[in-house]
Protein chains: 2
Amino acid sequence: MTALDTSKVSIKTSLAACFGRNLYEQPGAHEFLQELSQSAQEVNIQQGGYIFKEGDPSDYVFIAISGAIMLERSSPKGARHVFAFLFTGNLLGLSEFTVYSFSAVALTGATVVKINKRLIQNIFERHPKIAKSFHDFTTHVLHYVLDQMYILGQKTAPQRLAHFLLDMDTRLGRSSGQFYLPMNRIDIADYLGMSLETTSRSFSNLKKRKLIEIESSHKIIINDRAAILEFIDE
Amino acid sequence: MTALDTSKVSIKTSLAACFGRNLYEQPGAHEFLQELSQSAQEVNIQQGGYIFKEGDPSDYVFIAISGAIMLERSSPKGARHVFAFLFTGNLLGLSEFTVYSFSAVALTGATVVKINKRLIQNIFERHPKIAKSFHDFTTHVLHYVLDQMYILGQKTAPQRLAHFLLDMDTRLGRSSGQFYLPMNRIDIADYLGMSLETTSRSFSNLKKRKLIEIESSHKIIINDRAAILEFIDE
DNA sequence: CGAGCCCTTGATGCATTTCAACGAATGTGG
DNA sequence: CCACATTCGTTGAAATGCATCAAGGGCTCG
């Protein structure tokens, strides 16, 4: 755990992703960064480690700098629900409740910036523009989640997986058409609301349709994005 | 379309539901209400009418005062997705995009307060506490949606319906155990991600299990809430 | 009183889950 | 360094839940 170096490129990039590209032009931005460098911390989490667990007091907000993070909850009967995968620039943990309602686990070694929630609230009260940037970000999340709801509710297993892989291509591979999946099949299954076996079969199905190539079980290649979009909308 | 009477009890109640119970104690609240009474409007929509449609410029925000409202989107292939039902005190239409990404239709005759988006933004910039109340509200929505995602992904059709009915009991019947559903079977189907027939069969299924009584197709009675919760968690 | 809409129910086929087996990759202790 | 256990992914076969196709009943409204 080390104090925050807000001049690092990786950190700048992640902050901009969270609070808007134009963060650095906002009035109050300088002050905000100064306060961050004083009281926020850079934290490393090893693979498999928890950033926080369901029920922990929600005193901090985290911004992912590197690595992959999975958000999960468990139901009364012990079934697990994975509801998000987070990467560089994604934010986690902001909620008005006093405890986290889900756990955050590192799928790979990960680095996060840890910010006291009060500090954030304080900044928001003094700098409405930053608050607005952040609020817009929340709206984006809501849109994203609504899409996810639609996919879960109305699509077949291979279509859901195809949608997921396009999303991963965008977020992990910068739409380059190739990426390495940091999560395993059962994580994907619990995210897409299907069984481990169906997930595996759906991978095979997409491969058979020549929509994807599976270089190794975690290395995926997407050659024809348009064809996949077509397939999802069928 | 008439100017807004902010002294009406129904309107006060709905505003408080949106901006927090303690709205009236917040600094700036008085000013906020004054501006609303000047520039916001009370609008009545008849059954089946649209409050706005997908693609309309998103210049206004609406707060439901009475009646039932359904939010829907349609996919490229024409399939419809219902993603929310809104009642008294619920807010709709706030988004940072310039057009609405969904349509809002009145299931019953409905009354809404129509507020210029700019006015809201302006208030938020000047009164951080009100902005925070509102942002907390958004977080609640996000929580609600995450539950919905879990239900859609992991539960059987009768369980999904049971969950939906408990939600309706809370929101429509104030947890009294009886309520009148303002939407029809196909709306529920498109909301829960299943076919019209499966929805109907799920109603019959819950009735056969004695978890609900169906007084008429739209009037539902829930006697044992705990038993239903048990059933959902199975 | 008939038309149209909504809800229900039955029959059939298909998609997904579940149970089960096996191969590949990785790590462990002899 | 090799047998062995363990984890993860894939695939097959059987069972199940849901969608689809189809028919009929109840209700409302002209």
Side-chain angles (χ1 to χ4, degrees), chain A residues 47-48 70 77-82 105 107-108 151-165 180-209 212-220 231-232 234, chain B residues 46-48 68 70 75 77-82 107-108 151-165 180-209 212-220 231-232 234:
Chain A
Q47 181 167 3
M70 174 169 70
K77 277 279 182 290
R80 184 180 73 144
H81 180 215
V82 171
V105 61
L107 290 169
T108 63
I151 295 294
L152 285 178
Q154 324 265 336
K155 295 296 179 180
T156 67
Q159 285 174 321
R160 281 187 243 180
L161 180 63
H163 175 88
F164 172 74
L165 292 176
Y180 184 86
L181 288 173
M183 70 294 285
N184 57 30
R185 298 291 189 260
I186 198 161
D187 295 332
I188 300 175
D190 288 346
Y191 179 64
L192 295 177
M194 56 207 212
S195 71
L196 157 62
E197 296 91 332
T198 300
T199 305
S200 184
R201 276 186 247 272
S202 298
F203 268 102
S204 305
N205 185 303
L206 294 179
K207 183 183 168 185
K208 205 174 62 192
R209 292 172 188 270
I212 64 170
E213 289 168 39
I214 307 175
E215 206 172 281
S216 75
S217 65
H218 287 76
K219 176 75 188 292
I220 304 298
F231 171 68
I232 295 171
E234 252 171 32
Chain B
Q46 64 180 8
Q47 182 166 2
M70 175 169 70
S75 74
K77 278 276 182 296
R80 184 180 73 146
H81 180 215
V82 171
L107 290 170
T108 62
I151 295 295
L152 285 179
Q154 323 265 333
K155 296 297 180 182
T156 67
Q159 284 173 320
R160 282 187 242 178
L161 180 63
H163 175 89
F164 171 75
L165 292 176
Y180 184 85
L181 288 173
M183 70 294 286
N184 58 29
R185 297 291 188 262
I186 199 162
D187 296 331
I188 300 174
D190 287 345
Y191 179 64
L192 296 178
M194 56 208 212
S195 71
L196 157 63
E197 296 91 333
T198 299
T199 305
S200 183
R201 275 186 248 272
S202 297
F203 268 101
S204 305
N205 185 304
L206 294 179
K207 182 182 171 185
K208 206 174 62 192
R209 291 171 189 271
I212 64 169
E213 289 169 39
I214 306 175
E215 207 172 283
S216 74
S217 65
H218 287 75
K219 175 77 187 290
I220 305 298
F231 171 68
I232 294 170
E234 255 170 31

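Within every chain, numbering begins at 1; the chains are lettered A, B, ... in the order of the sequence lines, protein sequences first and strands thereafter. Only heavy atoms go into these numbers, but all of them, side chains included; no hydrogens, no water, no symmetry mates.
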What is the distance from [atom1] of [X] to [atom2] of [N], rounded to the nearest Å?
| X | N | atom1 | atom2 | answer |
| --- | --- | --- | --- | --- |
| B/Lys155 | D/dT16 | NZ | P | 19 Å |
| B/Leu152 | D/dC18 | CG | C1' | 15 Å |
| A/Gln47 | D/dT7 | CD | P | 15 Å |
| A/Leu161 | C/dT16 | CG | P | 12 Å |
| B/Met194 | C/dT16 | CE | P | 17 Å |
| A/Lys219 | C/dA24 | NZ | P | 22 Å |
| A/Leu181 | D/dC8 | CG | P | 15 Å |
| A/Gln159 | C/dA15 | CD | C1' | 12 Å |

Of the non-hydrogen atoms in [X] and [Y], which two are nearest, and what is the gap between them?
| X | Y | result |
| --- | --- | --- |
| B/Gln159 | B/Glu234 | NE2-O, 3.3 Å |
| B/Gln154 | A/Arg80 | OE1-O, 3.9 Å |
| A/Val105 | A/Gly48 | CG2-O, 3.6 Å |
| A/Thr198 | A/Ala157 | CG2-CB, 3.5 Å |

First locate atom CG of B/Asn184, then atom OG1 of B/Thr199, and finally report the distance between them rounded to the nearest 0.5 Å.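 One finds 10.0 Å between CG of B/Asn184 and OG1 of B/Thr199.
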Indicate for each nucleotide in nucleotides 5-11 of chain C, in 5' to 3' sequence, whether protein heavy atoms under 4.0 Å reach the base (B), only the sugar-phosphate (S), or nothing (-). --SBBBB
Got a sec: does the NZ of B/Lys207 have more than 12 other heavy atoms crowding it under 6.0 Å?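 Open.
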Between the protein and nucleotides 23-30 of chain D, list the N/O to N/O atom pairs that are separated by less than 3.5 angstrom.
none

For B/Phe164, ring pair (Phe, Tyr, Trp, His ring centres under 6.0 Å) partners two or more places apart: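 Only B/Phe85, B/Tyr191 meet the ring pair (Phe, Tyr, Trp, His ring centres under 6.0 Å) criterion with B/Phe164.
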Between A/Asn205 and A/Arg201, do the side chains contain a donor N or O and an acceptor N or O under 3.5 Å apart?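 No - no donor-acceptor pair under 3.5 Å links their side chains.
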Side chain to side chain contact (heavy atoms under 4.5 Å, CB included), paired with B/Ser202, selected from B/Arg160, B/Met194, B/Arg185: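 The option that passes is B/Met194.
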